[in-house]
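Letters go in sequence order (proteins before strands), and every chain restarts at 1.
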Amino acid sequence: MPREKYLDRKFFTNEPELVAPKLLGATLVVESSPKLALELVEVEAYGGALDVASHAFRGMTKRNEVMFGPAGFLYVYFTYGMHWCANITCSKEGVPGAVLLRAGMPAEGISTMRRNRNRDDIKDQDIANGPAKLCQALKVDGSWNGLDIFGRTSNIKLVANESTDFEIGQSNRIGVREENPLPWRFFIKDNIFVSKYRG
DNA sequence: TTATTGATGGTCT
DNA sequence: GACCATCAATAAG
């Protein structure tokens, strides 16, 4: 068995649309008790000067300021009056960018994740097949916003993908209305843990 | 199976 | 006041 290889900040110090596909297959680990882990199977990139759909497009606000900071921080936002969604910031400091974590395959702590979702009868593939479901399964909320993933106090780790034995699909992003859509959604092809909803 | 809709509140104009 | 990087329940086919 190869030793676990962790991603570092350098991995995220790049354009979000370049980081996003490389995150597929990586494992997000939350060191709670019990430990929770899921393999990322769907992500979306946001940011840059041309991305009208990005929260950062109209400049810095209280909500989106983390996107303008350095790479490797959590950007967690509240939406639709009831849901949290989590991103990891990308790009160099001063340039807004983030990758939205849209879906994952539960790998460890599955029963806890199912309980966190307040549904004891759902299938494994429905535990984290959407950005808000993923947050609910991992108990991520607004208090996690701004967390430095690579800081001393972080309880989050990202394990690099051991295998790249999968095909990457690409599409427009879900739930956004834009005149000239950017194909910045990336997912593992034919993977049943990918979200089902469309815009 | 797909399509539609109500829930619910922060953020920004 | 309008819009939302969503979800689950319900209706329709």
Side-chain angles (χ1 to χ4, degrees), chain A residues 12 15-21 23-24 28 38 40-69 71 73-91 95-106 113-147 149 168-188 190 192-199:
Chain A
F12 292 95
E15 322 273 312
E17 69 273 28
L18 301 180
V19 173
L23 261 181
L24 295 174
L28 179 66
L38 60 79
L40 297 173
V41 300
E42 179 185 353
V43 294
E44 282 176 359
Y46 288 89
L50 302 175
D51 183 7
V52 257
S54 167
H55 287 166
F57 184 68
R58 281 162 240 279
M60 199 191 309
T61 65
K62 183 78 178 171
R63 174 175 68 158
N64 66 23
E65 61 182 354
V66 181
M67 284 185 76
F68 289 81
F73 285 65
L74 282 190
Y75 167 47
V76 181
Y77 67 90
F78 186 64
T79 192
Y80 291 103
M82 62 190 93
H83 299 302
W84 297 100
C85 295
N87 299 245
I88 301 174
T89 61
C90 297
S91 303
V95 180
V99 175
L100 173 66
L101 309 178
R102 283 199 57 92
M105 175 182 74
M113 290 189 207
R114 185 177 279 107
R115 201 174 324 125
N116 289 345
R117 292 266 289 113
N118 302 315
R119 274 162 192 76
D120 49 8
D121 56 344
I122 51 173
K123 290 176 276 192
D124 285 5
Q125 65 224 51
D126 293 323
I127 290 177
N129 61 341
K133 300 182 196 176
L134 184 150
C135 280
Q136 193 180 29
L138 299 177
K139 267 190 141 47
V140 173
D141 63 20
S143 67
W144 296 51
N145 187 44
L147 176 73
I149 291 179
I168 294 178
Q170 196 172 352
S171 78
N172 298 340
R173 296 167 297 186
I174 293 177
V176 304
R177 292 180 55 80
E178 43 184 345
E179 220 169 291
N180 302 105
L182 291 167
W184 282 5
R185 170 175 175 256
F186 304 91
F187 55 95
I188 295 182
D190 303 320
I192 60 170
F193 295 89
V194 168
S195 73
K196 293 174 246 173
Y197 292 95
R198 300 292 119 141

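- Atom P of nucleotide C/dC3 and atom CZ of A/Arg63 are separated by 15 Å, given to the nearest angstrom.
- In this structure, A/Tyr46 forms an aromatic stack with the base of C/dA5, since both conditions hold: centre separation below 5.5 Å and plane angle below 30°.
- Nucleotide C/dA5 has no partner under the Watson-Crick or G-U criteria, as no pair reaches both atom distances under 3.5 Å.
- Between A/Lys123 atom NZ and C/dA8 atom P the separation is 13 Å, expressed in whole Å.
- Between the CE atom of A/Met82 and the C1' atom of C/dA9 there is a distance of 13 Å, rounded to whole Å.
- Residue A/Met67 has its side chain nearest to C/dA5 when only C/dA8, B/dT13, C/dA5 are considered.
- Applying the 4.0 Å criterion to OP1 and OP2 of B/dC12, one finds that A/Lys62 has every side-chain N and O outside that range.
- Using a 4.0 Å heavy-atom cutoff across all strands shown, A/Ala132 reaches sugar-phosphate atoms only and no base atom.
- In this structure, A/Leu100 atom CG and C/dA5 atom P are separated by 10 Å, rounded to whole Å.
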Item to check | Trace of the side chain to side chain contact (heavy atoms under 4.5 Å, CB included) decision for A/Ile88 with A/Leu74 | outcome: CA-CA 5 Å; A/Ile88 301 174; A/Leu74 282 190; 4.1 Å; yes

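- Between C/dC7, B/dG9, B/dT13, one nucleotide has an atom nearer to the side chain of A/Arg58 than all others, and that is B/dT13.
- Salt-bridge check for A/Asp124 with A/Arg114: passed, with a basic side-chain N closer than 4.0 Å to an acidic carboxylate O.
- Within the 4.0 Å cut-off from OP1 or OP2 of B/dC12, at least one side-chain nitrogen or oxygen of A/Thr61 is found.
- At least one side-chain nitrogen or oxygen of A/Arg102 sits closer than 4.0 Å to the OP1 or OP2 atom of C/dT6.
- Taking atom CD1 of A/Ile174 as the reference point, atom P of C/dT6 lies 8 Å away to the nearest angstrom.
- Without hydrogens or angle criteria, A/Arg117 side chain to A/Asp126 main chain gives a donor-acceptor distance under 3.5 Å.
- The distance between atom CG of A/Asn129 and atom C1' of C/dT6, rounded to the nearest whole Å, is 12 Å.
- Pair assignment for B/dT8 gives none, since no Watson-Crick or G-U wobble pairing has each distance under 3.5 Å.
- Within a 6.0 Å sphere centred on CG of A/Asp190, heavy atoms belonging to other residues, nucleotides or ligands number 12 at most.
- For the pair A/Trp84 CH2 and C/dT6 C1', the interatomic distance rounds to 14 Å; values are reported in whole Å.
- No donor-acceptor pair closer than 3.5 Å links the side chain of A/Asn172 to the backbone N or O of A/Arg185.
- In this pair, A/Tyr80 does not lay its aromatic ring on the base of C/dC7; centres under 5.5 Å and planes under 30 degrees do not both hold.
- One can place CZ of A/Phe187 at 17 Å from C1' of C/dA5, the figure rounded to the nearest angstrom.
- Between A/Arg177 and A/Arg117, it is A/Arg177 whose nearest contact on DNA chain C lies nearer the 5' terminus.
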